[in-house]
Enquirer: 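Pasting a structure here, questions to come.
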Amino acid sequence: MFKIIERTMIVPNLHLLVVHAPDVVQEMQPGQFVIVHSGEGAERIPLTAADWDKETGYLTIVFMEVGTSTNKLAELKPGDVIPTVVGPLGRPAAIENFGTVICIGGCFGMGSIYPVVKALKEKGNTVITVMEGRSKNLLYWEDKLSKYSDRLIKITRDGSYGYKGHIKKADDLIREIGIVPDRVIANGCTTLSYKTSKEYAHYDIPVIVTLNTIMIDGTGMCGVCRCSVDGKMKFACVDGPHFDGRLVDWEELSKRRQQYIGEEAFLVHHSGCGGR
Ligand code: FES
């Protein structure tokens, strides 16, 4: 069993979960994920590690409360225990001295991109980090991200903080100030990953996104995380979850992600969770 150390809502609908998982964090690398199962009636959910401490054995995750299983996670309190935290899973993010790297984080991705930003900076890259959200109250970890970023660009769609716009605004700014990136990395929802892949394709450099597919085992056994990249079938859990977004079949990915929406709506309605 895995003990919950902390669970707090850091911004509306996004929760920070700190769980004691000493064996899991020993081998954890930036970009890897864990499968969390909070107990009977809940699904197994893949969640990217946002931070970890090998000495204490604490693993930090940022997750969005979006359905019945994440509702259950959002109800956990310090001292509670959950039966499953499996990992580290997936291939680590590529960390090399690429030159100048733009790291974009939106939603839960502002948390999960933090280890990547930190590792890239430690490798000697110039790191331009972009935080993107609907409004000021949805941005978090500015202090943590700025510590390892040469420049931190904040973008809100309503203009309440930083620049007004979407991730295209960051691209306009980056071009305006004459930065030529060698790599773009985006963490966040499928829309953010898709838009980043399109908006940054003109640089003709890798635009690495973390695919959020449905997963069950996370070890290449079930096939539920299947996706198409560059015309080839891949399993996001073992071949990814990081892929060049310019080569992803986004239409197929979006259809596969929606296949359980009816069941999820039914569960939310009948579970008493209230679909928060
Ligand atoms: Fe089962 Fe990837 S989650 S094969």
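Numbering of ligands and ligand atoms starts at 1, following listing order.
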Enquirer: Does the side chain of Ser112 reach to within under 4.5 Å of the side chain of Thr210, using non-hydrogen atoms?
Expert: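 A side-chain contact under 4.5 Å is absent here.
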Enquirer: Rounded to the nearest 0.5 Å, what separates atom SG in Cys107 from atom CG in Leu139?
Expert: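 Cys107 atom SG to Leu139 atom CG measures 11.0 Å (nearest 0.5 Å).
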Enquirer: Tell me the protein N, O or S atoms under 2.8 Å from atom 1 (Fe) of ligand 1, in chain and number order.
Expert: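 Only Asp217 OD1, Cys222 SG fall inside 2.8 Å of atom 1 (Fe) of ligand 1.
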Enquirer: If you measure from the Lys or Arg side-chain nitrogens to the Asp or Glu carboxylate oxygens, is any gap between Lys121 and Asp150 under 4.0 Å?
Expert: yes
Enquirer: Provide the closest heavy-atom pair for Met110 versus Leu138 in the form atom of the first, atom of the second, distance.
Expert: CE-O, 3.4 Å
Enquirer: Write down the atom of Ile185, the atom of Val101, and the distance for their closest heavy-atom approach.
Expert: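 The pair with the smallest heavy-atom distance is CD1-CG1, 3.8 Å.
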Enquirer: Using side-chain contact (heavy atoms from CB on, under 4.5 Å) as the criterion, point out the one residue from Val81, Ile82, Thr84, Val85 that pairs with Met1.
Expert: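 Of Val81, Ile82, Thr84, Val85, side-chain contact (heavy atoms from CB on, under 4.5 Å) with Met1 is met by Val81 alone.
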